*Asks:* 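Below are the structure tokens for one structure; questions will follow.
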Amino acid sequence: MDFVRKVVNSNVLADIIEIPEHLKNKKVEIIILPYDNVDNEDNFSVHKAKKARGLLQKYRNKELQSLENTAWAKAVIEKHESS
């Protein structure tokens with residue numbers, strides 16, 4: 001039987017599958033085996049799709065939030081004022 005075995009940092013898998021907290025930022029072993037039994041596909045647990053909400057929260061700058069309401073208008077004026 002053919003298979004693939006590789007040791008990687010668990011961060012590489014974070015966008016693909018849900019990683020338990022105790023395995024994050026650690027080396028993990030990935031083993032890929034062929035799956036031939038089509039009848040048992042319903043037995044796999046279905047994971048929730050990851051949401052993007054709050055993903056960029058760590059980059060927020062509260063000082064710049066007050067400028068958001070006028071940012072578009074200022075950008076248009078800067079770009080086209082010499083036209």
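The basis for the numbers below is simple: all heavy atoms, side chains too, and nothing from hydrogens, waters or symmetry mates. The first residue of the sequence shown is numbered 1, and numbering continues consecutively from there. Values in this document were obtained by computation on a predicted structure and should not be read as measured data.
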*Asks:* Going by side chain to side chain donor-acceptor pair (under 3.5 Å), name the residues that satisfy it together with Gln65, two or more places apart in sequence or in a different chain.
*Replies:*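 By the side chain to side chain donor-acceptor pair (under 3.5 Å) rule, Gln65 matches no residue at all.
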
*Asks:* Consider only side-chain heavy atoms of I, L, V, M, F, W and Y, link residues closer than 4.5 Å, and tell whether Ile30 and Ile17 are in one cluster.
*Replies:*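 Result: yes, single cluster for both.
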
*Asks:* Considering all heavy atoms of both residues, which atom of Ile19 and which atom of Ala14 are nearest to each other, and what is their separation?
*Replies:* CG1-CA, 4.1 Å

*Asks:* Which residue is it: Glu78, Lys79, His80, Lys74? I am looking for the one with a side chain to side chain contact (heavy atoms under 4.5 Å, CB included) to Val76.
*Replies:* His80

*Asks:* Hey, are the side chains of Val28 and Val8 touching, using non-hydrogen atoms and a 4.5 Å cut-off?
*Replies:* yes

*Asks:* Of all residues at least two apart in sequence or in a different chain, which pass the side chain to side chain donor-acceptor pair (under 3.5 Å) check with Asn25?
*Replies:*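 Asn11.
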
*Asks:* To the closest 0.5 Å, what do you measure between CZ (Arg60) and CG (Leu64)?
*Replies:*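 Output value for this atom pair is 12.5 Å.
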
*Asks:* Membership question, hydrophobic clusters at under 4.5 Å side-chain separation (ILVMFWY): are Trp72 and Leu67 in the same one?
*Replies:*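 Hydrophobic grouping puts Leu67 apart from Trp72.
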
*Asks:* Working to the nearest 0.5 angstrom, can you tell me the gap between Leu13 CG and Lys24 NZ?
*Replies:*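 Separation between the atoms: 12.0 Å.
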
*Asks:* Can you hop from Ile16 to Val4 via hydrophobic side chains spaced under 4.5 Å?
*Replies:* yes

*Asks:* Rounded to the nearest 0.5 Å, what separates atom CD in Glu21 from atom CD in Glu18?
*Replies:*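 Result: 9.5 Å between the selected atoms.
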
